[in-house]
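Working notes, beginning with the structure itself.
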Amino acid sequence: MLRRLLGRLGAAGLLLLLVSFLVFSLVSMAPGSLETTLLGARPASPELIQNIRVQYHLDDPFLLRYLRWLADAAHLDFGRSIVTSESVSDAVSARAVVSAELAVLAFGVAATLGVPAGLAAAAWAGRAADRLITLSAILGMSAPPFAVGTLLIYLFGVRFPVLPVYGAGDGPGDRLLHLILPATALGIGLAALVVRQTRAAALGVLDQDYLTFARARGLSRARIQTTYALRNVALPIVSSLGLVLIVALPGAILVEVVFSLPGVGSLMVESVGAKDIPVVQALAIFSALYVVVVNTGVDLCSLLIDPRLRDGAAR
Amino acid sequence: GTTGEPAAGQQAPKPIDSFTYGIPTPPSSLDLTKNMNGWTSAVAVMVTQPLERFDSAGQATPVLASKVTTPTDTSVVYDLRADVKFSDGKPLTAADVVAAVQHATDGAAGAQTASILTSIKDVKATGDAQVTVTLAHPDPAIRGSIAFGVLVSEADAMKRAGADYGTAAGLPVGTGPYVYSSFKADKVELTSNPAYQGTAPRIKKLTFAGFTADTTAQLALRSGAVQANYVNAPKTTPQWKSIAGATVYSTPSLLSTYLTFDTSKAPFNDVHARRAVAHLIDRTSLARVAYGDEAQVMRGMAPDAEFVPLAGSAAAVTAFMSGLPQVAYDPAAAAKELALSATPTGFSIDVPYPSSEPFAEPVLLSLQQAAKPLGITVNLKPQTFIAWATDIYMFKPAPLGVFQIGDLQPDPNGGMALMVTKANAAPTKFNMASWTPQEIEPLALTMTQSGDRAARWAAASSILTAAAEQLPYVPLFAPNTVLVYGKGYSSSTPPDFMAFITGAWLDTLTGNAA
Amino acid sequence: MTNTTLHRPGCADAVAPTGGLIVDCLDVRLLDSRRGPRTLVQNVGFDLAAGTTLGIVGESGSGKSLTAKSIIGLLPKGLVASGSIRLGQRELVGAPERDLRALRGTSISLVMQDPFTMLHPLQTVRATLAESLDPRTRRDRARRDQEIERRLDEVGIQPAIADKRTFELSGGMRQRVGIAAALARDPQLLIADEPTTALDAGTQKEVLALLGRLQRSRGMSLILITHDLNVAFAACDRIMVMYAGTMLESGPSEALKHAPRHPYTRGLLNAAPPLTHVVDRLDAIPGTVPAAHEVLGQCAFASRCDLVVDACRTQRPPLRRLDDGHTSACLRTDQLDTTTPREPRGGDAVIAQPRPATVPLVKVENLSKAYRSTAITGRHRVFHALHDASFEIGEAEAVGLVGESGSGKSTLARCLMGLTTPDTGRIGLGGLDATDFSKLSLQQRRDAYRTVQIVFQDPYSSLNPKLTIGAALEEAVRVRGGHRTEVPGLLEQVGLPGDYAQRWPRALSGGERQRVAIARALALRPRLLICDEPVAALDVSVQAQILELLRSVQSATGMSTLFITHDLAVVRQMTSRVLVCFEGRIVESGATSQVLDDPTHPYTRRLRDAALLGARDAA
Amino acid sequence: MRARLDVPALVWAAALITLSFLTLAVFGRQLSPRDPDTQDLLLGASAPVHGHWLGTDELGRDILSRLMAATGSALAGPFVVALAAMIVGTALGLTAGYRGGLVDTIISRFADLVWSLPGLLVAIVVIGVLQGGTWLSVAVIAFLSIPHATRQTRSATLGQVRLPYVAAARTLGLARSRVVVRHILPNIRATVLTTFLLDFVTAILIFAALAFLRIGVEPGAPSWGSMLADGQSLIAVNPLQMAAPAAAIVLFAAGVTILGDWAHDTLTKDQQ
Ligand SMILES: Nc1ncnc2c1ncn2[C@@H]1O[C@H](COP(=O)(O)OP(=O)(O)OP(=O)(O)O)[C@@H](O)[C@H]1O
Ligand SMILES: Nc1ncnc2c1ncn2[C@@H]1O[C@H](COP(=O)(O)OP(=O)(O)OP(=O)(O)O)[C@@H](O)[C@H]1O
Ligand SMILES: [Mg+2]
Ligand SMILES: [Mg+2]
């Protein structure tokens, strides 16, 4: 188990390193000279360009620059934003809160809506209710979050203005109120994903022999549904929820843009638009870190749920 | 600042607990030198005040300065007010002002304001409460530029903050009626400055909130979440007007937009090719597409308002501009002009443009359609505003480009003057047409440096006439500034762009929703 | 004509004796919304007195499991039972789920076929037993643990195992835990659905003995479902024979064994090869098993019966009670020669004898193969599937390789075929060193494959579903440089009509597919044919056809065979020499008759004793 | 076989929708009631009026016509992406699954690595920073889609490789390529097809999202995502301008998904 974990962490570290390298090289591949990219919208004077060459060590070889940047990044120092000259870590952490709250809420929506609906669909497999749930899930998956978000804005902002549709609000209550629609817009697609995965997993479990055998021994319905069905469905559900957390990342970008939420997603779009390279680099690294953390978390949960995985012994 | 007399409203001014002003883009930095635009200025002047401020008629009101004099063509002397203290209690000194000027002119450190302050050679404290700015050459517009570009903050605090200055970690400390209480990506919150010497502002808590989309801003104003808003797309004005209780103020601005031809290269080194393209643009219709009814089609190379102080009256400017030759939308005439040009069968050009600006894409798409039958292929190259602006600053003119310039004072020196002469066909200058005829040089010199108003106006009108004939630019639109006040609020005089960016709007605010 | 009363169990007396079970006119239908309902089981009826054992015997798909699941009310979704099932005074068909749940575990319990899927994969043995116990016992912790220990002891499991999780147990252990759990609330009736099929011979015997012991000591009724007549004879009081969803015959075990009264039962008995001697002809039942819904209005066995008359096809023959406690659904029971037992015929003559040759065709020396589980997900595990195996196969020799499941037989075959590379040792094929196929040139590899060919166990997946029979055979023929015109000849050689060339594998029965697989191997005209359990997956009634085919091919072509099986009776019929494989080692070898009649290695003896269990012709 | 014709009504509907969109993709410009590029500056943005059933955008272009004309580009990019991912992914997956060992390890590690990246995010960063157009988008998204196809094909291949028919083909002495192409590939058709359809749908959604953020779009060319974004600011004037492209995206994606599900079910049922 430890070995597996160590292996996982090693792979994660490798992934981060690779992403960091690719992200760093991205700047050099961007059109236009490095200086102009790093200049942003400032009037270029020869002194300023010279300043930038020095500040970013542009006269050093590429690999050296990368290593220097990497060393700084390891201390969470990603330099300063070209646009605001704010320290990048500060800028990112200031905006991470809203994104985290949005993600948690959307995840809540996805889990509380998706898991029961998926289980219900499996329980009523083939019947009208199942077909309805399955079709809704397909529609939910096919509807991009920005389309759902725009629709929600139209419905609850323009037609029946009952909920705030912009900004993040102040204070916990207000914040929650502001996040309801964004979280719904993001959560619907995620819930659809969970529904499909849960349904498939539950269907797989429902016609397992051990369920029949449990019933044949006269075990109570509650026990069969919890200990038997749910526990064995839990593993695929946990991994699908992990997937949801990862899919939520790009989804959040779109939703934050639609609802003008000051989160890391909208920061990403703004920075990409403004070619604010230090911010883009940091966000890319943080995204990769997030992916790694989620994946490792899912792995750990799987190990907790399914001891079979602990020593790699299959069945 | 709010040093002026409070508005003579009918009702007694009641304090307002909280007031939110919606703006299209929240400041990315509270240091104007890093983020030079009207919206940042509107926020920053509430805390860090200028030495003096101008209104759109060119009238100056002193703010931190008690007196401003120009003893010679190349020097400006500011006498500072004695009683002014920063919000942390320290008194304002001449050294603070000198530091602010130096900060604003430090192009090597990336100060964007440096580009409008190029004529400054030196700045010195010439007394305990006196600062003298020395110019490299005469610049009649320099007071306006300093009024906009130099915002005074406490020098020690600025130094301490270092690179963080202007970020949430290094909030500027100023003398204004407000202090910053929070600075987030989507909004800036200010609270009234208890140490402020002037009349305490009516609004206790003032928030500037960013709304990228007008739709959401409208929803916010409707629901009472914001009390005033700077309309991003003037085109949406009718929608704003339909909001119950809202008052819409629409005033001419100093913003102007152009098509630019690179007159130094083929095909647009040929005036016929330029005229052909100009004939293909239906400016009247496009004005409506881009701005609704909220823009004027420009008749000369700069908006009329820019010349009013020079000519002495708006009527004089209007009379002159109406006499300038115009190139009307006329595809047949375009075909004829093209036939006369060096490229009678047409050509193909790439046009880079900022996709975020409302006028550019409609104009170019329309041109693309109209030009196709003549054999002119227009390839659209959308860019982010920043990428586009970088190319402009680096002086990489496109054969055919779009351009917009927002003047900050009604004087051609901040606008048209930068778009002519050889010296301005260079990085950080804006002669995007590379339009450098010999006869323009002396005219431009007179216009920019003469102390004689009449001589300046004569020179300006000659340049306008030459530009109308040679057509280095196709002047497009001068959109209005549209400000909306929500239910319960209004303004005793219509607030215009200058009132917005200098904070003068606070003095004319009337009403109270509470 | 014998006594011909219509047998309707339980019709006269609606109340079964205490603990007894009456099943009457049971039908099971599939309610498929699109294609209309389909009958899967029709008109099954029997009764079971308290404390006795009923065996339900039938080939795969004959409806045994559905009958069992109907009784306990656990039919899969979409299937419905009709008719009547009474346990004591209670009617179970149509009873509400709540009532049924109360009965399950206490009155009726079910042990399922596959021990590997039957238990909650993540639970400990203790938890599995605890949850199965009576709630009163369960609540008191000390009593519960004591009870669990007692129950485990009853099925022969040490208390230490109680805290292991399911996935850490072997199949036999799992089966025992399953039995203990099923019996935890002392049901009156236990249904065991093929409880031993997934286990190896040795374990099978132990589990059957355990079931018998428990049944007797508790006075419990037992329904034992199996496809192996010999198992049923050994363990049951009465036996019911099912075929294509119907019951054909039922009667006391002894009567059925010695005097089957249905042609199908008789055929089954004859088809099973004897363990003790070689017969010169294996009596196969021709044809294949039909689906239940295809034979609703006729005798289900009619198409394969040698006594068939027109009447068999116009109507389903009724079940008739015969004088000796038998019931049979045959119209012609009296024509059935009930008395003649099969005669032992011939000697070893039918088995090909090796031709003397200087060089052995196959020479295997010190072959070892270990499997490693990869380290990425877990700790390193090494499993020695094959250990220092050496043997030779001569020209035209038929060699058997026996051993229980997992003993390394297939690994050996795969090494010979170059599908697996051995770790150490040497394989010689003819003159060629074929130890590592990846080191051979393409031409050498082709030569090797023309020397040795293989027929796999599972006929259902050994043909590419996306190639027609003709295309599959043609591909093989072309490898040898032959022409497609040879295909009909090949089909004929394995007893299939020429027009089968156009068919797809899915349109063929298991036996037919196995014939095609043999034809494909023969297309290369190999000198050695390896048969890896070629009949294990086939219905008993079809097995003999394939064995007979292999024998005839062997004698016609004079090729050698390596016959891999776990069935000693099959080895007796097919080989002249046998190798016994145990835990990857070859522990005994010698002439077939000698090894089987007088085994020297204890393992071989155990194998033989297990196989002798209940065998009809056991001495 | 009759059973094959038992197609649920929903699948018929999905097929109809998909087919209509495919028709529009090919003939969209010809079928559209007006020229999608013709401007009517005087009309400007307008709610539905006679002759413009979905209204017009700010340059007075007919939204319905633009929606129809956009179908081609909305489908072409994703189609190329899915096709490329299918070809490369299937080749890699077959190789990994059949060869095993080091080759498998390398391919699988690569696939896992790329798979763990959130695609849309990477696309936004790379295409946004490099300021690429359609072709860069296609290349980047295709690259990001390859692991899905690879993993699916690989596990399907692994499922086949253990089956005796593959061993049988090998023991005929057939060349490796022949075993893979003639024996394994036809048996994993269902996986390849459904993976293709899923990748197609995913790519449609990613392209739409990018266009919505105005990343990698050609100016002036009609596109569902950017039409939706345009419609956002005119939501109060003409909600249809936003709703119509949104509906097009959802309908088409759902239609293909339903067909994919159905194909998967049918083909796997068929294989049993
Ligand atoms: N859930 C189901 N849906 C449709 N048909 C089924 C279902 N379960 C079983 N059948 C069919 O019913 C028939 C009898 O099945 P059953 O499981 O009772 O056979 P069996 O005698 O137990 O066979 P085996 O020895 O293989 O276990 C088979 O043809 C099978 O295909
Ligand atoms: N590819 C493999 N990887 C790991 N272990 C394997 C592999 N193939 C076989 N084994 C293991 O090697 C042992 C011998 O397997 P083999 O298939 O040779 O047995 P067998 O005698 O043919 O059994 P059966 O009668 O069940 O077919 C088994 O325990 C099996 O689990
Ligand atoms: Mg069964
Ligand atoms: Mg085997």
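Worth saying up front: this structure is predicted, and the values here are computed from it rather than measured. Proteins get letters first, then strands, A, B, ... in listed order; numbering begins at 1 in each. All values below were derived from every heavy atom in this structure, side-chain atoms included, with hydrogens, water molecules and symmetry-related copies excluded.
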Are C/R503 and C/E512 close enough for a salt bridge, meaning some N to O gap below 4.0 Å?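 No, no charged N to carboxylate O under 4.0 Å.
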Short N-O contact, C/D532 and C/R414, less than 4.0 angstrom: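 Salt bridge absent between C/D532 and C/R414.
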So if I take each residue of residues 163-170 of chain D and look for any heavy atom under 4.5 Å from a heavy atom in chain C, which residues do I end up with?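 So far as heavy atoms go, D/L163, D/P164, D/Y165, D/A167, D/A168, D/R170 are the residues that approach chain C to under 4.5 Å.
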Taking the six-membered ring for Trp, are D/F207 and D/F79 closer than 6.0 Å centroid to centroid?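 D/F207 vs D/F79: aromatic centres not under 6.0 Å.
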Rounded to the nearest 0.5 Å, what's the gap from [atom1] on [X] to [atom2] on [Y]? Could you check?
X      : Y      : atom1 : atom2 : answer
C/S461 : C/R513 : OG    : CZ    : 9.0 Å
D/I107 : D/L92  : CD1   : CG    : 5.0 Å
C/D436 : C/C415 : CG    : SG    : 10.5 Å

Under 4.5 Å from any heavy atom of chain D, what part of C/L419 do you find: side chain, backbone, both or neither?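 For C/L419, backbone and side chain are both near chain D.
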Less than 4.5 Å to any heavy atom of chain D: does that hold for the side chain of C/R446, its backbone, both, or neither?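 Contact with chain D is through the side chain of C/R446 alone.
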For C/D433 and C/T435, run side chain to side chain donor-acceptor pair (under 3.5 Å): C-alpha distance rounded to whole Å, both residues' side-chain angles, the deciding distance at 0.1 Å, then the answer. CA-CA 6 Å; C/D433 179 357; C/T435 313; 2.5 Å; yes
What part of D/R178 gets within 4.5 angstrom of chain C, counting heavy atoms only: side chain, backbone, both, or neither?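 It is the side chain, since no backbone atom gets that close.
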Treating C/R484 as the side-chain partner and C/E474 as the backbone partner, does any N or O pair qualify as donor plus acceptor under 3.5 Å?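 No; zero donor-acceptor contacts below 3.5 Å.
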Which one of C/R480, C/R520, C/Q453, C/E475 has the most heavy-atom pairs closer than 4.5 Å to chain D?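 Option with the top pair count is C/E475.
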Which one, D/T171, D/L174, D/I184, leads in non-hydrogen pairs under 4.5 Å with chain C?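 Winner by heavy-atom pair count: D/T171.
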